[in-house]
Amino acid sequence: MKHMMRMAIVSVAAVLVVAACGDDDATTTTAAPAATTTVASATTAPTGTGETEDVSIEGFAFVPQNLTVSVGTTVRWTNADATTHTATAVGGEFNGSMAGGATFEHTFTAPGVVDYVCSIHPTMTGEITVEG
């Protein structure tokens, strides 16, 4: 009986160690541990160009504020501020939260105009025009 109890304790301890060493990089958000992607399914495999365009978040602004890309392009937002920001599509297409230094990516798969905002600081706005 004591042997079975020791085996159970060792098994539980091993599971806890393995769980603590798990892969935290399962979403498209990287860098700071507080950064998360709230819509992981929003990022899909590119269907067109496979290019990546960058948007910086600096001084409580998206730079560039307006960006034109082709279908299949991935846009990568990088938060250069120390404050947490989001890139949140007004229509719900994506929603990424980024602590300082973190990134969020979304691949645009259909043409159209997507307005987005920092949901924490709603005066921060941007627009992505996706051309087919």
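Quick note: numbers below take in every heavy atom, side chains included, and nothing from hydrogens, waters or symmetry partners. Sequential numbering from 1 along the given sequence is applied to the chain's residues.
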Next on the checklist: Using a 3.5 Å distance criterion without hydrogens, assess whether the side chain of Gln65 forms a donor-acceptor pair with backbone atoms of Thr125.
Outcome noted: yes

Determine the minimum heavy-atom distance between [X] and [Y], stating which atoms define it.
X: Gly132; Y: Pro111; answer: N-CB, 3.7 Å
X: Ala89; Y: Val114; answer: CB-CG1, 3.9 Å
X: Met98; Y: Asn79; answer: O-ND2, 2.9 Å

Next on the checklist: Under 4.5 Å between side-chain heavy atoms, counting indirect links through other Ile/Leu/Val/Met/Phe/Trp/Tyr residues: same cluster for Val117 and Met124 or not?
Outcome noted: no

Checklist entry - When clusters are formed by joining ILVMFWY residues with side-chain heavy atoms under 4.5 Å apart, either directly or through shared neighbours, do Val55 and Val63 land in the same one? => result no

When you compare the side chain of [Y] with that of [X], does any pair of heavy atoms fall below 4.5 Å?
X: Val75; Y: Tyr116; answer: no
X: Leu67; Y: Phe62; answer: no
X: Asn95; Y: Thr86; answer: yes

Checklist entry - Aromatic rings Phe94 and Phe104: how do their planes relate, parallel, tilted or perpendicular, breaks at 30° and 60°? => result tilted

Item to check | Value rounded to 0.5 Å, distance of CD1 in Ile120 from OG1 in Thr88 | outcome: 8.0 Å

Checklist outcome for this item: Rounded to the nearest 0.5 Å, the CH2 atom of Trp77 sits from the NE2 atom of His106 at a distance of 6.5 Å

Checklist entry - Is there a side-chain contact (heavy atoms from CB on, under 4.5 Å) between Ile128 and Glu53 once you walk through the steps? => result CA-CA 11 Å; Ile128 307 289; Glu53 295 287 337; over 6 Å; no

Item to check | Sequence neighbours excluded, every pair satisfying salt bridge (Lys or Arg N to Asp or Glu O under 4.0 Å) that has a member inside residues 74-91 | outcome: Asp54-Arg76, Arg76-Glu105

